[in-house]
Amino acid sequence: GNEMTWKKRAGFLAAAVLLFSGCGVLTQESVEKGQMELQKETVDNEQNQGQQEIVEKNAVQTEEKIQFICATFPEYDWVRQILGENIEKFELTLLVQNGMDLHSYQPSAEDMIKISDCDAFLYTGGISESWVEDVRRAGQTEQKQVLNLLEVIEEQRETEEMAEDTEHVHEGEVHAALDEHIWLSLKNAKLLVERITDLVVEMDCENELVYEENCKDYVEKMNALDLE
């Protein structure tokens, strides 16, 4: 059926992203290519199904699946790699589609409903996603698992600095602003994939070993690339 064909295509696309990105590690080029192919598959799928069928399918998925929303493509792709074959247990949504300007993006009414109904919300953070703070202040993310990836990196950096020098206080020290293109750093990518895995396990603890193994495999690919 159309649904099975879409699922198979989604699997092929995930494999294609791995090939485009060199052992599965995201690059700017692979992110853009992955976004374009994902958008094309989405359009093709919607053209092959009636709008009523889509509404009915989404209603079932909302009831049965774990609702996981990612603001941008890099974290969306990381989650796919971690979920692996268990992606069927999740309704994974990408908010900022290909062609949208991240810097001027504002969530639509439909996006706000998705955010308010989701179980977990994952975003990069930073100036480009300042709209997220408005959403959070409006109470749309209360009682949900919310992960700001730039905050994860900042917390890790502070922990490392404390470990390096616990005796000196660096008064007046100003940190350089973190690059929002977090997927371009292998060190950051490995940290974030591990932290996202923790979040996924919180959402579906029954498959903890599967997600941890998927994370381990993905990190090993990044380590191999880092040694080249």
To the nearest 0.5 Å, what is the distance between [atom1] ([X]) and [atom2] ([Y])?
X	Y	atom1	atom2	result
Cys118	Leu92	SG	CG	11.5 Å
Ile82	Glu213	CD1	CD	13.0 Å
Gln106	Met112	CD	CE	9.5 Å
Met203	Phe68	CE	CZ	7.0 Å
Glu64	Lys89	CD	NZ	12.0 Å
Gln145	Ile69	CD	CD1	14.0 Å

Show which side-chain atoms of residues 193-201 pair as donor or acceptor with protein atoms under 3.5 Å away, not counting sequence neighbours.
from, atom 1, to, atom 2, distance (Å)
Thr197, OG1, Val193, O, 2.7

Is there side-chain contact between [X] and [Y], with at least one heavy-atom pair below 4.5 Å?
X	Y	answer
Val219	Asn223	yes
Tyr123	Asn148	yes
Ile115	Leu95	yes
Leu83	Trp78	no

Any donor-acceptor pair under 3.5 Å linking the side chain of Glu75 with the backbone of Phe73? no

Gln97 side-chain N/O to Leu94 backbone N/O, donor-acceptor pair under 3.5 Å: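 Confirmed, Gln97 side chain pairs with Leu94 backbone.
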
Applying side chain to side chain contact (heavy atoms under 4.5 Å, CB included), run through Lys65 and Gln67 and close with a yes or a no. CA-CA 6 Å; Lys65 296 189 176 185; Gln67 304 295 310; 4.2 Å; yes

Using 4.0 Å as the upper bound for N to carboxylate O, is an ion pair formed by Lys144 and Asp119? no

Lys/Arg N to Asp/Glu carboxylate O, Glu110 vs Lys114, below 4.0 Å: yes

Using the rule given for side chain to side chain contact (heavy atoms under 4.5 Å, CB included), can you reason through Val79 versus Cys70, listing the C-alpha separation, both sets of side-chain angles and the distance that settles it, and then say yes or no? CA-CA 9 Å; Val79 174; Cys70 299; 3.9 Å; yes

Mind telling me whether Phe90 and Tyr211 have parallel, tilted or perpendicular rings, with 30° and 60° as the class edges?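 It falls in the perpendicular class, over 60°.
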
Do the ring planes of Trp131 and Tyr105 sit parallel (below 30°), tilted (30 to 60°) or perpendicular (above 60°)? perpendicular

Using distance alone, with no hydrogens and no angle criterion, decide if Asn207 and Asp204 have a side-chain donor and acceptor under 3.5 Å apart.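 Asn207 vs Asp204: donor-acceptor pair found between side chains.
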
Test side chain to side chain contact (heavy atoms under 4.5 Å, CB included) on Val152 and Leu150 and set out the steps. CA-CA 5 Å; Val152 172; Leu150 279 177; over 6 Å; no

